[in-house]
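Written out below as structure tokens is the structure these notes cover.
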Amino acid sequence: MKFFYAPGTCSIGIHLLLEEIGAPYESIKVDFRAKEQFSEKFRALNPKGKVPTLVRDDGSVLTEFQAIAFWLARAYPKAGLLAEDLEGQTRTMELLDFMVASVHMRGFTFILVPMKFTPTEAAQQELTAHGRSVVADGFDRLASTLGDKDWLMGNFSIADAALFYLTTWAKAKDVALPATLAAFHERMLARPSVQRALKIIG
Ligand SMILES: N[C@@H](CCC(=O)N[C@@H](CS)C(=O)NCC(=O)O)C(=O)O
């Protein structure tokens, strides 16, 4: 497999899952500073110009965090990254979608890149404030789902990979984390898969 990632982005979630699985793959950095995601070469692979992007061993390209995470978990079941029962799988996907489509796309996006939406400073500040309130609400919900468990679904799963990139952004952007999510972040940092992925990213 070939995995296209960018430092500081949501692709860390998939990177750590690849490390959990242990199957051979090559890490290929997409340099956002050089706007490589918009290059013809990368767009030929993923016309959406986004990471994470995974090229599978048969040459087919898979995009979108939830789809890649689900496929990895199903293709490499020995890694135990997804519940085996339908209800467990459905609840995992429900959580993943909430984290990626709501907390990330409708929350952190406005904190991280408000300038993409408006050139006006005051409007950017309003967007950022809106993003912070969406994230705070999302973290409250996620803390309540986590409860006193170590991992969102009880056992470690693809859902925890998504939560990790969100808690990483929270740390980087000084966004308050409920105590249980801060402890979750530390647990993730202690996992060898996460340490290996962070080392590759540099
Ligand atoms: N829904 C998308 C979200 C991916 C996404 O937003 N990726 C960001 C990095 S976190 C990206 O590649 N952005 C490219 C850019 O900002 O030009 C997915 O899951 O693949």
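Order of listing sets the numbers, starting from 1, for every ligand and every atom in it. Positions are given from 1, in the same order as the sequence printed here.
Between Phe38 and ligand 1, a contact under 3.5 Å exists for no N or O pair. Where the criterion is an N or O separation shorter than 3.5 Å, residue side chain and backbone included, Glu64 meets it with respect to ligand 1. In terms of polar-atom proximity, Val51 is counted as a contact of ligand 1, with an N or O under 3.5 Å from an N or O of the ligand.
Relative to the ring axis of Trp151, Arg191 places its NZ or CZ within 45° and under 6.0 Å from the centre.
At a heavy-atom distance under 4.0 Å, only side-chain atoms of His104, from C-beta outward, approach ligand 1. Counting heavy atoms closer than 4.0 Å to ligand 1, residue Lys116 contributes side-chain atoms (C-beta onward) but none from N, CA, C or O. Of all the heavy atoms of Lys50, the ones lying under 4.0 Å from any atom of ligand 1 are found in both the backbone and the side chain.
Ranking the protein heavy atoms by distance from atom 19 (O) of ligand 1 puts Phe65 N, 2.7 Å first. Counting protein heavy atoms only, atom 9 (C) of ligand 1 is closest to Thr9 CB, 3.6 Å. Looking at atom 17 (O) of ligand 1, its nearest protein heavy atom turns out to be Gln37 NE2, 2.9 Å. From the protein, the heavy atom lying nearest to atom 10 (S) of ligand 1 is Cys10 SG, 2.9 Å.
Other residues, nucleotides and ligands place no more than 12 heavy atoms under 6.0 Å from the CD atom of Glu121. By the neighbour-count criterion of 12 heavy atoms within 6.0 Å, atom CD of Glu186 is densely surrounded, having more than that number from other residues, nucleotides or ligands.
Remark: Phe139 CZ to Thr180 OG1 distance equals 10.5 Å, nearest 0.5 Å.
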Worked verdict on Ser193 versus Glu19 for side chain to side chain donor-acceptor pair (under 3.5 Å): CA-CA 5 Å; Ser193 62; Glu19 288 295 327; over 6 Å; no
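With contacts defined as side-chain heavy-atom distances shorter than 4.5 Å, the pair Leu81/Asp160 does not qualify. Looking at heavy atoms from C-beta onward, Val194 lies out of side-chain contact with His185 at the 4.5 angstrom threshold.
At a cut-off of 3.5 Å, with distance as the only test, no side-chain donor of Lys50 or Thr63 sits close to an acceptor on the other residue.
Taking a cut-off of under 4.0 Å to the non-hydrogen atoms of Gly49, the atoms of ligand 1 that pass are 14 (C).
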